[in-house]
Number of protein chains: 2
Amino acid sequence: MTLAYIPDDFASRAHLASVGDALDRMGVRMAFAKDEEVYAQDDQADFIYRVVSGAIRTTVLMSDGRRQIGEFYYPGDIFGLEPGPDHRFSAEALCDGVVLVLKRSALRAAGADADLQAAIWAAMTRELERTQEHMLLLGRKTACEKVASFLTDLSHRRPGEQLDLPMSRQDMADYLGLTIETVSRMLSQLQSNSVLEFAGCRHVRIKNPAALARLAQ
Amino acid sequence: MTLAYIPDDFASRAHLASVGDALDRMGVRMAFAKDEEVYAQDDQADFIYRVVSGAIRTTVLMSDGRRQIGEFYYPGDIFGLEPGPDHRFSAEALCDGVVLVLKRSALRAAGADADLQAAIWAAMTRELERTQEHMLLLGRKTACEKVASFLTDLSHRRPGEQLDLPMSRQDMADYLGLTIETVSRMLSQLQSNSVLEFAGCRHVRIKNPAALARLAQ
DNA sequence: CGTCATCTTGATTACGCTCAAGCTCCGTGG
DNA sequence: CCACGGAGCTTGAGCGTAATCAAGATGACG
């Protein structure tokens with residue numbers, strides 16, 4: 001990890017935070033290389049983070065190496081919010097990117113910046129909603145529904161003509177509770193059904209969003 | 001649902017909340033019958049709840065009837081905490097029981113009751129930790145590991161010589177992302193391996209907690 | 001004591017996993 | 001610019017775990 005940018009009057013600005021995007025003004029920009037760790041499991045949860053560019057995954061490991069991905073985060077998303085004192089998941093960069101980092105104590109010291117507090121509260125809300133939706137997916141959906149749900153969700157979070165996938169098939173598999181082979185098969189099947197069209201394995205166009213949403217249940 | 005107990009000077013006491021258990025003094029006791037709904041999916045999340053007796057499950061349904069149970073709550077547990085404006089899951093009584101209910105606005109009006117705030121924060125922390133552990137279970141554990149994890153967890157939350165299960169096999173299955181048949185088979189297997197001993201299908205004794213914990217991974 | 005929901009057990013099926021080749025694509029260096 | 005190499009992806013064959021379908025057994029309650 002390398003410091004990409006530190007505001008020159010970081011400390012003195014803290015108390016001025018009141019309007020607009022406090023994170024932008026108070027935070028420190030840090031660049032992360034692909035697969036670099038932003039924070040580790042059991043680290044103290046002293047900071048909050050926002051993705052500037054690139055993408056982030058949060059993961060938990062079992063002793064035998066089985067892995068579960070908790071969530072993917074894209075530019076604009078806030079992550080690292082945990083009410084407890086330490087992180088239960090680790091966070092890593094999916095690809096090279098930049099993250100804005102803000103110490104929680106600085107946040108408290110700055111007092112009630114209404115906008116920032118609202119943004120954090122909104123992020124916690126989204127976080128919980130997504131986690132609960134993820135539990136339903138893991139517990140009760142079929143492989144096809146899982147993959148369709150994943151793509152539908154991603155397309156809503158990253159609108160655009162073409163969807164590009166910053167994560168590997170292994171990352172998708174560990175997010176969906178599947179194997180890479182099953183993920184690959186489902187994607188191939190969706191392509192042969194004319195729901196998707198791939199232009200290289202990391203670039204998809206959703207040809208039939210309605211059908212995809214239907215398959216996602 | 002029936003009102004079981006309303007403090008006679010409910011309103012006047014609110015501003016006195018400062019030490020001890022504010023929930024006890026400010027909350028309203030309500031009795032729920034087995035399978036009765038405490039709150040519904042998409043209800044406004046205006047209240048927080050604490051189990052006094054009995055047990056509660058939170059559930060989410062798919063359109064075709066598939067069900068996922070988010071969590072079980074036992075006496076002393078706080079539930080219904082959601083940062084968003086409405087509930088994503090519904091909550092129902094597993095068996096007849098009593099729940100203490102406190103309106104959030106009353107909570108805010110009462111100001112900073114340090115003990116209560118700390119209890120709520122601790123509950124949110126536990127909630128998130130449990131949810132993340134639950135995701136790992138749903139996504140990456142085998143049927144046997146799921147059942148063993150469930151019993152190990154339950155035994156820690158409800159210590160005692162004998163463990164009694166307030167939920168049906170269907171509830172366990174919907175919590176673990178399995179079918180009732182698989183749950184039943186795993187329990188039978190654990191009994192034949194002398195890890196468990198049943199005295200009726202709702203009462204278990206854990207004969208070998210170490211083995212159970214090992215199977216839970 | 002009888003009835004019915006709930007739970008257990010058995011037989012069979014199927015979905016997704018494992019193991020095993022190939023293939024693609026991308027970066028690298030000649 | 002193209003050949004090479006290798007990680008990551010796809011596809012195939014066979015298997016295994018858990019689901020489904022189908023009887024029975026248990027036990028709670030009137």
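All values derive from a computational prediction rather than experimental measurement. Each chain gets a letter, A, B and so on, in the order its sequence line appears, and its residues count up from 1.
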Which ones in residues 160-182 of chain A lie close to DNA chain D, meaning a heavy atom under 4.0 Å from one of its atoms? A:Ser168, A:Arg169, A:Glu181
Output the residues of residues 136-144 of chain B in contact with DNA chain D, where contact means a heavy atom of the residue under 4.0 Å from an atom of the strand; sort by number or write none. B:Thr142, B:Ala143
Kindly say if A:Arg202 contacts the phosphate of D:dC9, meaning a side-chain N or O under 4.0 Å from OP1 or OP2. yes
For A:Ser188 and D:dT11, is the shortest distance between a side-chain N/O and OP1 or OP2 below 4.0 Å? yes
How bent is the helix from C:dC1-D:dG30 to C:dG30-D:dC1, comparing axes over its five end pairs at each side, to the nearest 10°? 40°
If you assign A:Met186 and A:Cys201 each to the DNA chain C nucleotide with the nearest heavy atom, which residue ends up on the more 5' nucleotide? A:Met186
Which is more 5' along DNA chain C, the nucleotide nearest A:His203 or the one nearest A:Arg185? Just name the residue. A:Arg185
Salt bridge A:Arg57-A:Asp35, side-chain N to carboxylate O under 4.0 Å: yes
Residue pairs meeting ring pair (Phe, Tyr, Trp, His ring centres under 6.0 Å), one or both in residues 155-183 of chain A, sequence neighbours left out, come to A:Phe72-A:Tyr175, A:His134-A:Tyr175, A:Phe150-A:Tyr175
With no hydrogens and no angle check, is any side-chain donor or acceptor of [X] less than 3.5 Å from a backbone partner on [Y]?
X: B:Arg140; Y: A:Arg67; answer: yes
X: B:Lys141; Y: B:Ala216; answer: yes
X: A:Gln132; Y: A:Glu129; answer: no

Ring centres of B:Tyr39 and B:Tyr49 under 6.0 Å apart? yes
Partners of B:Glu71 by salt bridge (charged side-chain N to carboxylate O under 4.0 Å, His left out), sequence neighbours excluded? B:Arg130, B:Arg157
Closest approach of B:Glu37 and B:Ser90, non-hydrogen atoms and distance? OE2-CB, 4.1 Å
Length of the [atom1]-[atom2] vector between [X] and [N], whole Å:
X: A:Gln191; N: D:dC9; atom1: CD; atom2: P; value: 15 Å
X: B:Gln189; N: C:dG10; atom1: CD; atom2: C1'; value: 15 Å
X: B:Asp64; N: D:dT20; atom1: CG; atom2: C1'; value: 15 Å

So does A:Glu133 have more than 12 non-hydrogen atoms from other groups sitting under 6.0 Å from CD? no
How about B:Gln44: does its CD atom have over 12 heavy atoms from other parts shown lying under 6.0 Å from it? no
Within residues 203-215 of chain A or reaching into it, pairs that qualify as salt bridge (Lys or Arg N to Asp or Glu O under 4.0 Å) - sequence neighbours excluded: A:Glu197-A:Arg205
